**Student:** 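Here it is, the structure in full.
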Amino acid sequence: MFDTVMKQQSATDALYAKVSRVIDPLSWREFAPVIDRINRLKRERNAVILAHNYMTPEIFHCVADFSGDSLQLAQQAAQTDAEVIVQAGVHFMAETSKILSPEKTVLIPDVKAGCSLASSITAADVRLLREKYPNVPIVTYVNTSAGVKAESDICCTSSNALAVVESLPSDTVLMIPDQYLARNTAQKTKKKILTWQGACEVHERFTPEEIRKFRAAWPDAVILAHPECPPEVVAEADFAGSTKAMSDYVTEKRPKRVVMITECSMSDNVSVNNPDVEFVRPCNLCPHMKRITLDKILHCLETMTHEVTVDPAIAARARRAVENMLAVKP
Ligand code: 13P
Ligand code: SF4
């Protein structure tokens, strides 16, 4: 018994050494036993945890087996040998994992973890768009339901949006449902991009005035923005890219100071591996991502709930759109 407690403590102490700059000691006292329990249960259940870059650091750095942006998580879901996938992210991400791994059990710690983009469009809307623009290929952001993906020709993420659009043999493309990702992509291609009126409730709140204020306050800081931000915001930034692209930018270029125009946990997570970079931390919280907590992940593994299922006929059509995306070379 004493031995077990000591082993647990040394495993969690090693983790705390990594995250101590972003998690205070009092919070850690609560997190440590839950982290230990989750990491044991994962082995017992043959489960892996896929964590999006917006998960809080105790999830991202202490229990995740794979982490990354939407594209990386989709690729990991397709490759893992584990029997169970726990999606530490929002519902559309869990659906994408299920679509790519129909034989696996996919669990989400909170079924209410939605997304304003996913709820901005339905499969019926896409069918109407198809009627209106019969010869225009439909590129659908992965931040959508399986039903919407099933009506689409190909998916994209913020990492590969331009490559996906360029891969299509058509001068006009419908890019749904994020109007800002579509407009930001349109600036980099000669193709005509039609879109939908969806938006990310987190990124649409940033304004160009805000970015100009950060620039004035920290003139030596590099400003990175997610392409779900309005184009006027992206125009004020030094670089725009997916959560992975922003993280890679910091790791590779090691700016002295950085401002990340995105969700709040991103700076915490990236700062853990980049202690020499100073992070100015303006951010907006995603209320959906923040539904996922350590306690809910533990509950999910203990009870093997909440299982995410997708109608097999819809999943087969959605899989085609996701696999078409995965086949596009960056
Ligand atoms: P990424 O694919 O860049 O991680 O974006 C997903 C997302 O939901 C951002 O709001
Ligand atoms: Fe959806 Fe925006 Fe939250 Fe990402 S940050 S899950 S796009 S609401």
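Residues: numbered from 1 along the sequence shown. In this text the structure is predicted, and so the values were computed from the model without any measurement. Each ligand, and each atom within it, is numbered from 1 in the order the structure gives. Below, all heavy atoms of this structure are taken into account, side chains as well, without hydrogens, waters or symmetry copies.
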**Student:** Any salt bridge between Asp110 and Arg291, counting N to O under 4.0 Å?
**Tutor:**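 So Asp110 pairs with Arg291 through a salt bridge.
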
**Student:** Counting only heavy atoms not in Glu30, do more than 12 fall under 6.0 Å of its CD?
**Tutor:**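 Atom CD in Glu30 is not crowded, with 12 or fewer foreign heavy atoms closer than 6.0 Å.
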
**Student:** Around atom 9 (C) of ligand 1, find the nearest protein heavy atom and jot down its residue, atom name and distance.
**Tutor:**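 It is Glu228 OE2, 3.2 Å.
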
**Student:** Using a 4.0 Å heavy-atom cut-off, say whether Glu228 meets ligand 2 through its side chain, its backbone, both or neither.
**Tutor:**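 Near ligand 2, Glu228 shows its side chain, while the N, CA, C and O stay back.
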
**Student:** With respect to atom 1 (Fe) of ligand 2, please indicate if Cys200 possesses an N, O or S atom at a distance under 2.8 Å.
**Tutor:**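 Not a single backbone or side-chain N, O or S atom of Cys200 is under 2.8 Å from atom 1 (Fe) of ligand 2.
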
**Student:** When you take the SG atom of each Cys, Cys264 and Cys283, is the space between them under 2.5 Å?
**Tutor:**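 Yes, Cys264 links to Cys283 through a disulfide.
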
**Student:** Strictly below 4.0 Å, N to O, side chains only: are Arg212 and Glu209 in salt-bridge contact?
**Tutor:**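 Salt bridge present between Arg212 and Glu209.
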
**Student:** Hey, what do you get for CE (Met325) to OG (Ser167), rounding to the nearest 0.5 Å?
**Tutor:**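 Between atom CE of Met325 and atom OG of Ser167 there are 11.5 Å.
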
**Student:** What is the closest protein heavy atom to atom 2 (O) of ligand 1, and at what distance does it sit?
**Tutor:**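 That would be Ser70 OG, 2.9 Å.
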
**Student:** Just let me know how Cys286 lines up against ligand 2, side chain, backbone, both or neither, with a heavy-atom cut-off below 4.0 Å.
**Tutor:**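 Looking at Cys286 and ligand 2, just side chain atoms fall under 4.0 Å.
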
**Student:** Tell me whether Asp295 is salt-bridged to Arg37, with the criterion being a basic N under 4.0 Å from an acidic carboxylate O.
**Tutor:**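 Salt bridge: no.
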
**Student:** Does the pair Arg130/Asp153 count as a salt bridge with the N-to-O cut at 4.0 Å?
**Tutor:**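 Yes.
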
**Student:** Below 4.0 angstrom, N of the basic side chain to O of the carboxylate: do Arg45 and Glu83 qualify?
**Tutor:**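 Salt bridge between Arg45 and Glu83, a charged N being under 4.0 Å from a carboxylate O: no.
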
**Student:** Heavy-atom contacts with Tyr54 under 4.0 Å: which atoms of ligand 2 show up? List them by number with element.
**Tutor:**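 What qualifies from ligand 2 is 5 (S).
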
**Student:** Specify the protein heavy atom at minimum distance from atom 8 (O) of ligand 1: its residue, its atom name, and the distance to 0.1 Å.
**Tutor:**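 Answer, as residue, atom name and distance: Asn143 ND2, 3.2 Å.
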
**Student:** Under 4.0 angstrom from ligand 1, any heavy atom of Lys244?
**Tutor:**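 No; Lys244 lies far enough from ligand 1 that no heavy-atom distance drops under 4.0 Å.
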
**Student:** From Ile108 CD1 over to Ile85 CD1, what is the distance, rounded to the nearest 0.5 angstrom?
**Tutor:**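 Reported value, rounded in 0.5 Å steps: 12.0 Å.
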
**Student:** Check each of Gly241, Ala161, Ser158, Cys200 against atom 3 (O) of ligand 1 and report the one with the nearest heavy atom.
**Tutor:**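 Among Gly241, Ala161, Ser158, Cys200, the closest heavy atom to atom 3 (O) of ligand 1 belongs to Ser158.
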
**Student:** For ligand 1, which atoms, with element, lie under 4.0 Å from some heavy atom of Asp69?
**Tutor:**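 The list of qualifying atoms is 1 (P), 2 (O), 4 (O).
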
**Student:** Which option wins on minimum heavy-atom distance to atom 4 (Fe) of ligand 2: Asn284, Leu181, Leu117, Asn143?
**Tutor:**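 Result: the heavy atom closest to atom 4 (Fe) of ligand 2 is in Asn143.
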
**Student:** Which residue and non-hydrogen atom of the protein lie closest to atom 1 (Fe) of ligand 2, and at what distance in Å?
**Tutor:**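 Nearest neighbour among protein heavy atoms for atom 1 (Fe) of ligand 2, to 0.1 Å: Cys115 SG, 2.4 Å.
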
**Student:** What atoms of ligand 2 come within less than 4.0 Å of a heavy atom belonging to Met289?
**Tutor:**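 Result: 6 (S).
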
**Student:** Taking distance alone, with no angle check, do Thr243 and ligand 1 share an N/O pair under 3.5 Å?
**Tutor:**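 So ligand 1 has an N or O lying under 3.5 Å from an N or O of Thr243.
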
**Student:** Suppose we measure from atom 5 (O) of ligand 1 to each protein heavy atom; which comes out shortest, and what is that distance?
**Tutor:**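 Result for atom 5 (O) of ligand 1: His226 NE2, 3.3 Å.
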
**Student:** Ignoring hydrogens and angles, tell me if any N or O in the side chain of Ser271 forms a donor-acceptor pair with the backbone of Asp268 under 3.5 Å.
**Tutor:**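 Yes; at least one donor-acceptor contact below 3.5 Å.
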
**Student:** Can we say Glu151 and Arg317 salt-bridge, meaning some charged N sits less than 4.0 Å from an Asp/Glu carboxylate O?
**Tutor:**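 Yes, charged N to carboxylate O under 4.0 Å.
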
**Student:** Find all atoms of ligand 2 within a distance of less than 4.0 Å from any non-hydrogen atom belonging to Ser116, and give their numbers and elements.
**Tutor:**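 With Ser116 as reference, the close atoms of ligand 2 come out as 8 (S).
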
**Student:** Near His203, which atoms of ligand 1 are under 4.0 Å from a heavy atom of that residue?
**Tutor:**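 Listed by number with element, the hits are 10 (O).
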
**Student:** Only heavy atoms of Ser242, strictly under 4.0 Å: list the atoms of ligand 1 that pass.
**Tutor:**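 Taking each heavy atom of Ser242 in turn, ligand 1 has 3 (O) under 4.0 Å.
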
